[in-house]
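Each remark here refers to the structure printed beneath this line.
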Amino acid sequence: MNIEAKDLSKIYGEGENRVTALDRASLTISPGDFISIIGPSGSGKSTLLHLLSGLDRPTGGRLCYDGRDIYSLSDKELSAFRRQRIGFIFQQFHLLPVLTARENIVMPRLLDKKQPDEAYLQELARMLGIQDRLTHLPHELSGGQQQRVAIARALIAKPDVIFADEPTGNLDSRSGSEVMELLKTVGKDMGKALVVITHDSRIAAMAERRLSIVDGVLSEVGAG
Ligand code: ADP
Ligand code: MG
């Protein structure tokens, strides 16, 4: 799937409260790309990722997935499109506390009234090293394990692209590195495009294509 963002902007507030969180960002994401976007706190990283993944709508610009303008979809259509084609990983994991790891992972499929692919679920769990944690509740897991569950959930619908918003931001540096290595390996093995947002230069350096964002302005850093 080819993703093309053209002049995406997001302006919050009005008058003296007006904030240009994202200023005409353009970006093309091709199948299998591994892209990092680095920027300081408040630079517009989350805003950009939410727009690229259809979690939010821009105040200007266009976003096409294989030539289809996804902001022309209704909210309901856009939610379904996101669940089926886009994986999203949050800094805070966002697992539902009353559901087991397995139930969290399959939840996006159930919302689409689809049966999860059991063999694929087992393969994901094995690749992520959580096969013996599937019956545990989130609070019974370490941060790194919770994020690996969240990665499995992001992949369960076999999306074309994964967006990760500071996926290691809540982890110590060792489990953060492990999670990033896993994410990179799983992305490569499964042929997914991966877009990771970070303020950590070591994580940004793992990507093949690196961009930076400062005060809402996105620019290419160079090929690594
Ligand atoms: P980052 O993820 O890089 O820390 P964000 O994308 O969250 O940055 O925020 C970019 C800018 O937009 C910041 O100045 C932030 O305060 C502002 N902002 C983000 N969300 C909102 C909102 N819902 N309302 C008003 N301002 C916002
Ligand atoms: Mg953020």
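Counting begins at 1 with the first residue of the sequence. First listed ligand is number 1; within each ligand, the first listed atom is number 1.
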Exercise for the section: Indicate yes or no: does an N/O atom of Ala21 lie under 3.5 Å from an N/O atom of ligand 1? Expected result: no

Practice task
Return a yes/no value for Gly42: is any of its N or O atoms, backbone included, closer than 3.5 angstrom to an N or O of ligand 1?
Solution key: yes

Practice task
Kindly write out the residues that satisfy side chain to side chain contact (heavy atoms under 4.5 Å, CB included) with Arg85, not counting sequence neighbours, or none if the list is empty.
Solution key: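 Testing Arg85 for side chain to side chain contact (heavy atoms under 4.5 Å, CB included), a comparison that skips the adjacent residues, returns Met1, Phe81, Asp160.
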
Handout entry: Electrostatic pair Glu4-Arg68, nearest N-O below 4.0 angstrom
Key = no

Exercise for the section: Would you mind running through ligand 1 and noting each atom that sits below 4.0 Å from a heavy atom of Pro40? Expected result: 3 (O)

Exercise for the section: Answer yes if Val179 and Leu49 sit in the same cluster of Ile, Leu, Val, Met, Phe, Trp and Tyr residues linked by side chain heavy atoms under 4.5 Å apart, and no otherwise. Expected result: no

Handout entry: atom 4 (O) of ligand 1 within contact range, any protein heavy atom under 4.0 Å
Key = yes

Problem - Side chain to side chain, Arg18 and Ile11, heavy atoms closer than 4.5 Å - result: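 Yes; the side chains approach each other to less than 4.5 Å.
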
Practice task
Decide whether Asp165 and Ser46 meet the rule of one side-chain donor and one side-chain acceptor closer than 3.5 Å.
Solution key: yes

Exercise for the section: Using only heavy-atom distances, determine whether the side chains of Asp172 and Ser175 contain a donor-acceptor pair under 3.5 Å. Expected result: yes

Practice task
Please indicate how many protein N/O/S atoms are found closer than 2.8 Å to the Mg ion (ligand 2), with waters neither displayed nor included.
Solution key: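 The number of such protein atoms is 1.
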
Problem - Closest non-hydrogen atom pair between Tyr71 and Gly54, with its separation - result: CE2-CA, 4.4 Å

